[in-house]
Undergrad: 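Just passing along the structure, written as structure tokens.
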2 protein chains.
Amino acid sequence: MSQTVDRALSILPLLAQGPADLGQVAERLGVHKSTALRLLRTLHEHGLVYRQEDQRYRLGARLFALAQEAVENLDVREIAHSHLVALNDRCGHTVHLAVYEEQEVLYIDKVESRYPVRMYSRIGKPVAITVAAVAKLLLADLTEPERRVIAEKLDYPMYTSRSTPNPAAFLKELAVVREQGWATDLGGHEESINCIGAPIRGADGRVVAAMSVSAPNVVVTAEELLTLLPLVRRTAETISREYSGTTQPKKV
Amino acid sequence: MSQTVDRALSILPLLAQGPADLGQVAERLGVHKSTALRLLRTLHEHGLVYRQEDQRYRLGARLFALAQEAVENLDVREIAHSHLVALNDRCGHTVHLAVYEEQEVLYIDKVESRYPVRMYSRIGKPVAITVAAVAKLLLADLTEPERRVIAEKLDYPMYTSRSTPNPAAFLKELAVVREQGWATDLGGHEESINCIGAPIRGADGRVVAAMSVSAPNVVVTAEELLTLLPLVRRTAETISREYSGTTQPKKV
DNA sequence: AATGGGTGTTGCATATGTTGCAACGAACTT
DNA sequence: AAGTTCGTTGCAACATATGCAACACCCATT
């Protein structure tokens, strides 16, 4: 809606791919060098862009700080955190919390496994949306037309032989998840890693977040992991209740 | 330099403090509501701002993704990571990697402690600059006038009785660190937590990053932690060598 | 040494894009 | 049903961002 701001913001994803000099930025933006310079300067003043010694620009430090503050202000995260830690204490595995936002699912909290073999993931990292247990839970709660539209739009990378292969399979899986109220990812993302997850609901019953427990085969088999399901579901329900409680007196 | 972009970007730190509605944003920005609306819309299109159900705006998901991509593109981090993990394997404690940028020191990587008692920190979080071992290392490498200017500008919160109290003490500490080539934080941030750190240098000898090992008193005493110093310094030197190697053929 | 291409940078006139206004609509209170 | 409050839209006036051309600078080449 605002051309100038639009151009300035387009620089960010561009720099996310790697550092670039003024000429490159101007070219890829389709504007004159002097224009690009002024936009970059403004971004720089706000700390979103950093100028390294070789004069090239890259993303700046304030971005981290902003993302940091943002995540700490999420209500669900705050409420859920202690419960996630408690769950980790009991089972020892990696625990994740994720939300859905604008076509993306992303982790907003994580408690690391106590076992030496850990799975790779990071807060803020977009989730493998077609296979992750938390993604299935969050998408399963959308309306049927929404689910169809998104399922069609997605890519279906075959991380492993057990990855969700296409929209039809994904929609079917979402229906199952919706029905049973929990989800799994059995080697669909990484051959040797299994997850089980459960939804966290707001006062109106809608899914506001999803949590999961992940563990590699070498630590526990899929069957053993599934025995934790009741515990995971109870934890999710506890968080749901607490979250509903605090948000019931809906502030305006 | 660009008024429109400047205004738009000023919205981000504003929303970092918590969600706000259109009126609040317009007021705190000092512009008309319609103007604020258009800026917010542009930010929204780029995913930097999210509109929650109650119509209020808060920071959006893409911020995380951007910060994520940015951190993964840092050369030092990539080179250092495996060494940090190896160090953690050997000693079990929390390992941090930090850089200095525009008056701030921030963590860009972290390997969690294997012990149940962990210290709180998060990648992207600005470091307690007056006490942290990594901060001392990074600042100690600046020129003398730079150090003086920064030391004067900083706040000196007394986290504990052993926190650095004022600019003079800080400058003195930096001189020591600069001389000896390593740094400590013995209960200066959290009474019960000690850290030891070492610098990572580029080909020209300048400090490009700093790493540290942190452990709470309940796990190891400060003396025991100090026995790890040679190991930490060796690791930092290994990383320095590898980093210098890759950046020697200075790209233009 | 001097020249040439490659950067990033500045001042300026033009016109493009942004602004505030006022009026509308929707949702919620009284 | 009238009265708030909030978000939204179209429009005309103005301020602001734009591209240009010229400059400054650094490095490599001759």
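Remember, it's a predicted structure, so these values are computed and weren't measured experimentally.
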Undergrad: Less than 4.0 angstrom between a side-chain N/O of A/Gln55 and OP1 or OP2 of C/dG8, yes or no?
TA: no
Undergrad: Under the side chain to side chain contact (heavy atoms under 4.5 Å, CB included) test against A/Val49, which residue among A/Thr42, A/Leu39, A/Leu15 passes?
TA: A/Leu15
Undergrad: Would you mind telling me which residue lines up with the more 5' stretch of DNA chain C, A/Arg51 or B/Leu39, judged by nearest nucleotide?
TA: A/Arg51
Undergrad: Determine: side-chain N/O of A/Arg41 to OP1/OP2 of C/dT10, distance under 4.0 Å, yes or no.
TA: yes
Undergrad: I'd like to know if A/Lys33 reaches the base of D/dG19 with its side chain such that a donor and an acceptor end up less than 3.5 angstrom apart.
TA: no
Undergrad: For the residue pair A/Phe170 and A/Tyr156, categorise the inter-ring angle as parallel (less than 30°), tilted (30 to 60°) or perpendicular (more than 60°).
TA: perpendicular
Undergrad: Who passes side chain to side chain donor-acceptor pair (under 3.5 Å) against B/Glu69, sequence neighbours left out?
TA: none
Undergrad: OP1, OP2 of D/dT9 versus side-chain N and O of B/Ser34: anything below 4.0 Å?
TA: no
Undergrad: Picking from C/dT19, D/dG19, C/dT9, which would you name as closest to the side chain of A/Arg38?
TA: D/dG19
Undergrad: It should be established whether A/Ser2 places a side-chain nitrogen or oxygen under 4.0 Å from OP1 or OP2 of nucleotide C/dT18.
TA: yes
Undergrad: C/dT9, D/dT8, C/dT18: which one has an atom nearest the side-chain heavy atoms of A/Thr4?
TA: C/dT18
Undergrad: Would you mind telling me which of C/dT9, D/dG19, D/dT9 lies closest to the side-chain atoms of A/His32?
TA: D/dG19
